[in-house]
2 protein chains.
Amino acid sequence: MTKRTDKPTRPSPQRPRQAAIRAASAKTPKVVSAKLAEARPVANRAERSAERRAAIVEAAMDEFVARGFAATRLDDIAKRAGVAKGTLYLHFKDKESMFEELIRTALVPLISRLAAPPTITGPVRDAVEGFAEIFIREVATTRRGDIIRLIVSEGPRFPAIADFYFREVVSKGLAAMHRLVQLAITRGEIRQKELAHFPQLIVAPAIVAVIWQSLFARHAPLDGIAMFKVHLDLIFGERRTT
Amino acid sequence: MTKRTDKPTRPSPQRPRQAAIRAASAKTPKVVSAKLAEARPVANRAERSAERRAAIVEAAMDEFVARGFAATRLDDIAKRAGVAKGTLYLHFKDKESMFEELIRTALVPLISRLAAPPTITGPVRDAVEGFAEIFIREVATTRRGDIIRLIVSEGPRFPAIADFYFREVVSKGLAAMHRLVQLAITRGEIRQKELAHFPQLIVAPAIVAVIWQSLFARHAPLDGIAMFKVHLDLIFGERRTT
DNA sequence: CAAATATGACTGACTAGTCAGTCATTGTCA
DNA sequence: TGACAATGACTGACTAGTCAGTCATATTTG
């Protein structure tokens, strides 16, 4: 029950060590708080607020990725972001909203990348290979990969997130893949016509690479890009030139 | 900590409604308690204890799969299993041990399946296809698939589980795949020799199918077996006969 | 200085784990 | 074999502790 029947009067809160506290918190290798302390030319309200929010988002991302939704403590997020817990509530309604908003925000760059010019100049294979190289280097290796794992983990418990992810990322990405495959088939680059029905097959190795990184990289490193090239050889036939 | 320095007298607990409580608990539609009530020929202590344990394992599996480790309440597991919370601690040391032991137990059948006769009679493709069909039907669709998702979700937070899973399932499975691929290459069934370096490519679609089921089946059903057959066509070349 | 922001102590709901007490089953003995 | 004693599986009320969310107070800004 946590009695806490004491503390009857609280003789005067007296925030004495404010500076000290800040100093201590600045001393820690916290990402953004340091940045705030150094480069603060003037920073009006809006800017500072945006910076704070960014710091919170960054910290929350780290914590959620490391521990999952349920096991993450808002106290830890606040500490890592260099703010008080109450401040979190100035930016987010509650823990759940924070989590959902975070995932969505984190996916925005991915989405814009997907919507980027799908103009094909050379062989389709090169397009797919470039796409995969970017994906594996920028997703499987970075924290965006963790986001994918987070979605796999928490998706079933956050249908809103799974829905959003399917709508904004998966279906768009698969549609793009579908188009590429169709093009490659008409061009004769791909012989297996059935592949058009399962664009998931194109990206499957990339997904596996992401999962492998977070679970087994320690036991057996996996060169995702090399693996994907072999995969492309299967799809497009073995490459002639080196 | 758990002080417990107090409790000097405990005025006399007086458990009055023992019978009533039992009746109530029996009335609930609990899985195993019902079974016990009906088919109880004699059921000595050991048998009953084993049944209890099985009920707990079953219930715990359901709860952990549905909510993840952190969000699962032991009270709920106990209620679902039709036992008191204290009983859980007669079978498991604590929540974490319970979780880990559960995962291991759940994988035993999978492991024995992997260690099963790898004798190849016909084409390697048929062996792989049979293997995949079993896997997708018995794993992607059933609760074993949830276990895989659970490992992906909680693995990073339970290194012991990730280690165990890698050692007992992943590395063995990949080694088996590697052997199959080698055989197929020497037989001329597979032309792409590099495939031997990445046996993960063989199983990637199966993994993706598992994940798809739990996240997106609602939005867009996926025929995992059909997908895998197309995948095999890519690896072995398109199948001649229907 | 008033308004806008930020703080962190505090609350209360919730939960892992404990343990004194109960009682069905098993063992013992006449 | 029937009565009685011993056992230990089982129970659930209870404790200590945790943590999301609040709000009175303090600080900063314009």
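What you are looking at is a predicted structure, and each value in this text was computed from that prediction instead of being measured. In what follows, chains are A, B, ... by sequence order, proteins preceding strands, each numbered from 1.
- When the C1' atom of C:dG17 is taken as reference, atom CZ of B:R73 falls 16 Å away, rounded to whole Å.
- Comparing atom distances between the B:K85 side chain and each of C:dA16, D:dA20, C:dG8 picks out C:dA16 as nearest.
- Residues A:T72 and B:L88 both approach DNA chain D. Their nearest nucleotides, taken by heavy-atom distance, put B:L88 toward the 5′ side.
- Along DNA chain D, the nucleotide nearest to B:G86 and the one nearest to A:D94 differ in position, and the one closer to the 5' end is contacted by B:G86.
- The distance from atom OH of B:Y89 to atom C1' of D:dG12 is 13 Å, rounded to the nearest whole Å.
- Distance, B:F64 CZ to C:dA16 C1': 12 Å, rounded to whole Å.
- Between the CG atom of B:L74 and the P atom of D:dG12 there is a distance of 16 Å, given to the nearest Å.
- In this structure, the ring of B:F158 has its center less than 6.0 angstrom from the ring center of B:F69.
- The closest side-chain heavy-atom distance from A:R143 to A:E58 is below 4.5 Å.
- Separation of atoms CZ (B:F92) and CD (B:E100) is listed at 12.0 Å; rounding is to 0.5 Å.
- For B:H91, whose side chain is taken as the heavy atoms from C-beta onward, the closest listed nucleotide among D:dC10, D:dA20, C:dA16 is D:dC10.
- We find that B:E101 and B:R104 are not joined by a salt bridge, their nearest charged nitrogen and carboxylate oxygen being 4.0 Å or further apart.
- Under the 4.5 Å side-chain criterion, counting only non-hydrogen atoms from C-beta, B:L74 is in contact with B:I77.
- We find that CD of B:E63 is positioned 14 Å from C1' of C:dT15, with the value rounded to whole Å.
- Side chain of B:D75, nearest nucleotide from D:dT11, C:dT15, C:dT5: C:dT15.
- Regarding A:R52, its CZ atom lies at a distance of 13 Å from the C1' atom of D:dT29, rounded to whole Å.
- Taking atom NZ on B:K93 and atom C1' on C:dA16, their separation rounds to 12 Å, with Å as the unit.
- For A:K95 against D:dG21, no side-chain N or O and base N or O form a donor-acceptor pair under 3.5 Å.
- Checked against C:dT7, C:dA9, D:dA13, the side chain of A:L90 finds its nearest nucleotide in C:dT7.
- Of the listed nucleotides (C:dA16, D:dT22, C:dT7), C:dT7 has the atom at the smallest distance from the side chain of A:T87.
- Spacing between atom CZ of A:R48 and atom C1' of C:dA6 amounts to 10 Å, rounded to whole angstrom units.
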